[in-house]
Number of protein chains: 2
Amino acid sequence: MVVHGLSEDDADRIFHALADRTRRDIVTRVLHAEQSVSDLAERYSMSFAAVQKHVAVLERAGLVRKVRRGREQIVHAGLDVIHQAKSLLESYEHLWRHRVARIDALLAETDTTQGD
Amino acid sequence: MVVHGLSEDDADRIFHALADRTRRDIVTRVLHAEQSVSDLAERYSMSFAAVQKHVAVLERAGLVRKVRRGREQIVHAGLDVIHQAKSLLESYEHLWRHRVARIDALLAETDTTQGD
DNA sequence: CCCATGTACAACCATCGAGTTGTACGTTAG
DNA sequence: CTAACGTACAACTCGATGGTTGTACATGGG
């Protein structure tokens, strides 16, 4: 039934990670092209440590992964987790459709039993 | 290009609202069936005021809407906003595919010019 | 080897967020 | 009208978060 395969803790981490515009921007950037942490840090008007923390939050959520290359740490997008988050929201929409169907069925049934 | 139509502030509010499991649970419940705030409050082991605050956060994000019915406040799901949030994540996936296509094109070009 | 680079991490500060309790207000049933 | 119900909101506590600076450590180039 649950296709997204996310625990409540996963969802907590993922949505919390996405709830910050700097972090969403980082995700967008690494989706375009993988970059080192310092490459990313140059783009923002905050300290390197702050950007590092944002990357850490994204990493804990699985939205991003780091791979060493020499002395740099290259940040990759965690495509699978993005997909899972999308699936979760999709399941909300399905829930709604299912409910509408249920109500339709109920109305139809009331309709048929109305002649009693 | 941007199909979801969400501002950065919108996205902040939406993802922040979804980053709490109680609030996600409330969304799930009202997707199943609209309920009053006190109906919802009965389901959780926290104060009425706390649940009220959660509903307010969801409302500010547009994930939920309240409509007065007598002395009760009925909570409805904000289906459109859920859909917009899904679209945003979808656009991330598209970004990725676009990038892969770009790289493919680049490799192909390098391939053709290699015979020069 | 040595220094600059890229990173990691701790300590600190201010603000925010989630929860509480208490009070006030409108609405409906008697 | 009055009492109970459902809601709204302010004030408070306390832990989490986003930001800072400072220090330490590994690695690659000259």
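Here is the naming used below: chain letters follow the sequence lines, and residue numbers restart at 1 for every chain. As a basis for the values below, the full set of heavy atoms in this structure was taken, side chains included, without hydrogen atoms, waters or symmetry mates.
- In this structure, the CD atom of A:Gln52 is 8 Å from the P atom of C:dC9, given to the nearest Å.
- Rounded to an integer number of Å, the gap from B:Arg21 CZ to C:dG17 P is 18 Å.
- Rounded to an integer number of Å, the gap from B:Glu42 CD to D:dT7 C1' is 14 Å.
- In this structure, CD of B:Gln73 is placed 11 Å from P of C:dT27, rounded to the nearest angstrom.
- The CD1 atom of A:Ile74 sits 13 Å away from the C1' atom of C:dT5 (whole-angstrom rounding).
- Nearest to the side chain of A:Ser36, among D:dG18, C:dT7, D:dA8, sits C:dT7.
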For A:His76 and A:Arg65, what are the C-alpha separation, side-chain angles and deciding distance, and is it a side-chain hydrogen bond (donor to acceptor under 3.5 Å, both in side chains)? CA-CA 5 Å; A:His76 301 253; A:Arg65 275 180 214 136; over 6 Å; no
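- Atom CE in A:Met46 sits about 17 Å away from atom P in D:dT17, given to the nearest Å.
- A sub-4.0 Å separation between OP1 or OP2 of C:dA18 and a side-chain N or O of B:Arg23 is present.
- When the nucleotides C:dT21, C:dG6, C:dG19 are ranked by their closest atom to the side chain of B:Ser47, C:dT21 comes out on top.
- The existence of a salt bridge linking A:Asp25 and A:Arg29 is confirmed by a sub-4.0 Å separation between a basic side-chain nitrogen and an acidic carboxylate oxygen.
- Both B:Ser38 and A:Ser45 sit near DNA chain D, but only B:Ser38 has its closest nucleotide nearer the 5' end.
- Computed from coordinates, the B:Glu72 CD to D:dA4 P distance equals 18 Å when rounded to whole Å.
- For the OP1/OP2 pair of D:dG18 and a distance below 4.0 Å, the side-chain nitrogens and oxygens of A:His16 include at least one atom meeting the criterion.
- The CD atom of B:Gln35 lies 11.0 Å from the CD atom of B:Glu72; values are rounded to the nearest 0.5 Å.
- Taking the nucleotide of DNA chain D with the nearest heavy atom to each of A:Thr22 and A:Arg68, the more 5' of the two is matched to A:Thr22.
- At a cut-off of 3.5 Å, with distance as the only test, a side-chain donor of A:Asp10 or A:Ser7 sits close to an acceptor on the other residue.
- To the nearest angstrom, C1' of D:dT7 lies 16 Å from CD of B:Gln35.
- Residue A:Arg71 has its side chain nearest to D:dG28 when only D:dT20, C:dT27, D:dG28 are considered.
- Closest to the side chain of B:Phe48, from the set D:dA8, C:dT7, C:dA18, is D:dA8.
- Using a distance-only test at 3.5 Å, with no hydrogens or angles considered, a donor-acceptor pair links the side chain of A:Arg24 to the main chain of B:Glu8.
- Taking only distance into account, the side chain of B:Lys53 never meets the base of C:dG17 through a donor-acceptor pair shorter than 3.5 Å.
- Considering only side-chain atoms of A:Ala49, the nucleotide from C:dT7, D:dT7, D:dG22 that sits closest is D:dG22.
- Considering only side-chain atoms of A:Lys66, the nucleotide from C:dA8, D:dA8, D:dG18 that sits closest is C:dA8.
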